[in-house]
Each structure stands twice: as C-alpha cells, then as structure tokens.
Amino acid sequence: MDIFTIGIWIGTIIFLIISFIKNKEKTKQALKMAFNMGKGMALSIFGIIFAIGLILTLLPPSEIAKFVGKQPAMIATIASALLGTITLVPAFIAFPLVGTLVDAGVGIVPSVAFLTTLTMVGVVTFPLEKKEFGIKFTAVRNGLSFIFAIIIALVMGVII
Amino acid sequence: MIMKKIKENIFFVIVALAYIIITFYNPYMGIDSIKNSGYYIKEMFMIMPVIFILTALLDMWIPKEKIMELLGKEAGLKGVFLAFGIGSVSAGPIYAAFPMCVMLHKKGASIRNIIIILSSWAVIKVPILLNEVKFLGPQFMIIRWILTVIAIIVFSWIADKIIKDEDITTDSIIKKGISINKDACMGCKICEKNYPDIFSMEGKKAIVKDYDNRTVDKEKLEETIKACPVNAIGYRE
C-alpha cells in the first residue's frame, strides 16, 4: 500500500468514528449505502479486472514495446496511443516499460502518448463509465483525452 | 429475467466467455490471464471498500450547498484547484474515482471539475509522479506534468461546453409524476424504506407503485428523492 492509500484509509476510519458518535442511524445508513454501491459495481469491476488480465496475456507490454519500436515515428505514435487505450497498467509497470522504450530508441513522442492514454483512456473501463455517467460524457471524456494525449506527446517531442 | 441480467452485465458476460474460449484453445493462457489479474484484484480490494465508505459518508454529511460552493459552476478557479487537489492525492485506478464523482456531480459539482478530478486521478497523482522520476528522470516528469495539467484545463473546458448536466443525471425524459431512472438505480432499497407506499422493488430495481397524486406526502417524497444515492428519482408536479 502506498502512503496515499493508507492516508485515505486512516482519514476515512476517523471520519467514520466521528460520524458514528454524532449520529448512529445516519452512519448505519451510510454504511448500507456503501455496501450497495459496491454490490452494484462489483460485476463491472471484476469484468474490468479479468479483461485486463486477458489483454496482458494476449498483448504483453513487452511485445507491444517490441512492435512499436520497429515502426516509423508517426505510426509508432498513433499505434502506441491506441495500444495504450486498450490496456490499463499500474505505474510501477508502466514507467519501467516506458523507460525501456525511450532507451531502446523508440523516441519520446510514442512513449509519452502510450503513457498518457494508458492511464487516462480506457476501453475496458468504458462500459462501467457509461453506466455511471451516460454515453455522451464517457465518449467525450475519452475522446478528448485521447486527442490531448497525442498533443502532449508531440509537444514533449519538441521540447525534449 | 435471465436475459435482463445478462444484458445488464453484458461486459462481464463477454469477458467470461472469452476466458472459456481461451482456456479451451490453450489452458495455459487461461491460467496466465487469471494470474495476471491477481495484482489488480489485490489493488481493488485495497482501495474500493474505503472509497465506497468515504463516498457514502461525504454524501451523508456534506450538504449540497457546500459542494456547489466548492466545486460547482460558480466555484471558478478555486474549484479547479480543489479538483486537481482531490485527483492528485487520490489512490487506485481510474474506476475508483467513478462513485466519488457521481456523488459529487449529484450534489452540484460542475462537469468541468468532475472531469478534472477523473483525469488527474488517472494520470498525475503524486505516487505516480514519484515513480516517474525514478525511471524517467525529474526533467521528464516536470515537463510532462506541466503539459498534462494544461491539457486537462483545456479539455475539461471543452467537455463542459459539449456535455450538459442532463446528460449525466439521465433524467432527460422528464415525465409528469414520479419516475425512476432504471439505468441509474442500483437497487439500494433506500426509497422503499423511506416511502413504502410509493416505492417498491422489482428484482434489483426500484419501481413506482400505483399511487394517488392527492395523497402524496410532498415532504416525505422530497426527502426520499434527496436520499437516493444516485439521484435516480425524478418528480414533476
């Protein structure tokens, strides 16, 4: 657990205790609400998690890096941005991977495009996001994030 | 009934089918995929319970006016800063931000600030930045951070122009009387408990019973509407 996760746990537990002292009924209702929220989202979340597991097996990040590394810069940028959207990799895997990409001479631009869409745009989280926020919100947010991921990557290529 | 369940959880069903097919085709691949999922399951259990509890507690204790003032349309620059702050000190994957953001929006946070929270939650939170320095160096991290913050400010503004509040509350088809947005309802039964004369459960979703408009206790109804954690109840006189 990183320090922020621990922090959120501690903060929430303190909050919960204060809430309980102030109003038992309300706190019980809140806990029930939390439980039902979890129940409502559980299948979608497990769907996401197992989909990621499957994608990581079919398209291992190291293979992606190898593939992208062979492409010309422009195609590599688009391809890595697209590949970034279908996987969802935690930072401790993503950064070493991008580190090797950069070292292997793939270049900054595709690497940054990959890094940004990796976390911000999600094909696997799309169904859940749609359920919670509606189709328009989800399509606009993911679409804009994708476009700006490429812009960020291009600008970084110019600066660095 | 079964068809309805499948339709509601279509994504999960597709993933499950994919696993079955892959395991038949190559059992090792099926096992590998489950092993690969292991880390994410652990990550999920570490963060989701606390996110749900925190969201419910904030929903209970922070009044709507306060959220509106802090993160609403009129919050301005202060709201933008706060939204970045929330996203940056968060933990867990992007979907962990969903319940929190739905709740905040229901209580009056603007679309723009919701998008800022979601995006910064995904890509610029502090633990991620530290990791980035380790592997890609401080210069890379700082430049990427600045560019990403600018990008989020710009595209959240664009998104705010495109998306209307009604697109989220999904209450766009406004009918007379009491209505329930079935897509949003998550079957928490709170409405049934608060006002059993009007609301009951049908399967996992709440329904509106036959009621006489003249005998509706407006105050009780108002409270029930407010108590709905996903804002799925609509009422038009």
Side-chain angles (χ1 to χ4, degrees), chain A residues 1-2 4-5 8-9 12 15-16 19 26 29-31 33-34 36-38 40-41 43-54 56-57 88 90-92 95-96 98-99 102 112 116 119-120 122 125 127-129 131-134 136-137 140-141 144-145 148 151-152 155-156 159-160, chain B residues 9 11-12 15 18-19 22 29 32-34 36-37 40-41 43-44 46-50 52-57 59-61 89-91 93-95 98-99 102 115 118-119 122-123 126-128 131-132 135-136 143-144 147-148 151 155 158-159 162-163 167-168 170 186-188 190 229:
Chain A
M1 256 193 230
D2 63 80
F4 281 80
T5 312
I8 292 173
W9 270 101
T12 304
F15 194 177
L16 192 62
S19 167
K26 249 180 150 178
Q29 212 178 359
L31 283 176
M33 201 201 277
N36 283 316
M37 257 189 259
M41 280 178 81
L43 271 187
S44 300
I45 293 176
F46 277 112
I48 294 173
I49 289 172
F50 285 111
I52 299 169
L54 199 60
L56 286 181
T57 309
L88 205 134
F92 77 87
F95 288 113
V98 172
V102 174
V112 175
T116 311
T119 43
M120 220 156 47
T125 51
L128 179 62
E129 194 173 341
K131 201 168 136 195
E132 301 284 320
F133 295 97
K136 194 170 168 191
F137 178 93
V140 169
R141 192 194 70 78
L144 285 172
S145 300
F148 276 87
I151 296 175
I152 292 171
V155 176
M156 270 200 90
I159 294 177
I160 293 190
Chain B
N9 298 300
F11 183 64
F12 183 81
V15 173
Y19 265 86
I22 273 241
M29 274 178 121
D32 273 353
S33 301
I34 290 179
N36 282 336
S37 309
Y40 298 91
I41 292 176
E43 182 192 39
M44 195 263 297
M46 256 165 17
I47 190 71
M48 287 320 277
V50 74
F52 287 134
I53 294 172
L54 186 60
T55 303
L57 282 174
D59 195 8
M60 276 290 172
W61 289 108
V89 299
S90 63
I94 186 167
Y95 64 75
F98 292 168
V102 168
I115 293 202
L118 276 175
S119 308
V123 79
V126 178
I128 285 193
N131 222 312
E132 186 169 355
F135 287 101
L136 295 159
I143 294 175
R144 198 181 75 88
L147 289 175
T148 309
F155 77 67
I158 299 174
I162 302 174
I163 308 164
D167 294 330
I168 297 190
T170 35
M186 54 189 194
C188 71
I190 288 176

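As a basis for the values below, the full set of heavy atoms in this structure was taken, side chains included, without hydrogen atoms, waters or symmetry mates. Computed from a predicted structure; not experimentally measured. Residue numbers start from 1 in every chain, and the chains themselves are labelled A, B, ... in the order their sequence lines are given, proteins ahead of strands.
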Can a donor-acceptor pair be found, under 3.5 Å and without considering hydrogens, that links the side chain of R141(A) to the backbone of M120(A)?
yes

With a 4.5 angstrom heavy-atom cut-off, which part of I45(A) approaches chain B: side chain, backbone, both or neither?
side chain

How close do T57(A) and M29(B) get, heavy atom to heavy atom, and via which atoms?
CG2-O, 3.8 Å

Looking only at V140(A), I49(A), N36(A), T5(A), the option with the highest number of non-hydrogen pairs under 4.5 Å against chain B is I49(A)

Side chains of F155(B) and I151(A) in contact at under 4.5 Å (non-hydrogen atoms)
no

Taking every heavy atom of G47(A) against every heavy atom of F12(B), the minimum-distance pair comes out as N-CD1, 3.6 Å

Side chain to side chain, K131(A) and F98(B), heavy atoms closer than 4.5 Å
no

Under a 4.5 Å cutoff for heavy-atom pairs, which residue among S33(B), A18(B), A56(B) has the most contacts with chain A?
S33(B)

Please flag which part of F11(B) lies under 4.5 Å from any non-hydrogen atom of chain A: side chain, backbone, both or neither.
side chain

Which one, D59(B), I47(B), I143(B), leads in non-hydrogen pairs under 4.5 Å with chain A?
I143(B)

Residue L56(A) versus chain B: region with a heavy atom under 4.5 Å
both

For L54(B) and F15(A), work out which heavy atoms get closest and say how close.
CD1-CD1, 3.9 Å

How many angstroms lie between CE in M44(B) and CD1 in I48(A), if you round to the nearest 0.5 Å?
10.0 Å

Using non-hydrogen atoms only, which part of L136(B) is less than 4.5 Å away from chain A: side chain, backbone, both, or neither?
side chain

Can you tell which of M156(A), Q29(A), M41(A), E132(A) has the highest number of heavy-atom pairs within less than 4.5 Å of chain B?
M156(A)

Quick one: what part of I152(A) sits under 4.5 Å from any heavy atom of chain B, side chain, backbone, both or neither?
both

Looking only at heavy atoms and a cut-off of under 4.5 Å, which of I94(B), V89(B), I162(B), I115(B) has the most pairs with chain A?
V89(B)

Select, from G122(A), S19(A), G40(A), S145(A), the one with the greatest count of heavy-atom pairs under 4.5 Å involving chain B.
S19(A)

Close side-chain approach of F137(A) to D167(B), heavy-atom, < 4.5 Å:
no

Contact origin within M48(B) toward chain A - heavy atom pairs under 4.5 Å
side chain

For chain A, which of L57(B), D32(B), V15(B) has the most heavy-atom pairs under 4.5 Å?
L57(B)

Is it the backbone or the side chain of I190(B) that comes under 4.5 Å from a heavy atom of chain A, or both, or neither?
side chain

Side-chain contact test, heavy atoms from C-beta onward, threshold under 4.5 Å: evaluate it for P49(B) versus W9(A) and give yes or no.
yes

If you count heavy-atom pairs under 4.5 Å with chain B, which of L43(A), L31(A), I159(A), L128(A) comes out on top?
L43(A)

Of all heavy-atom pairs between L54(A) and Y19(B), which one has the smallest distance, and what is that distance?
N-OH, 3.6 Å

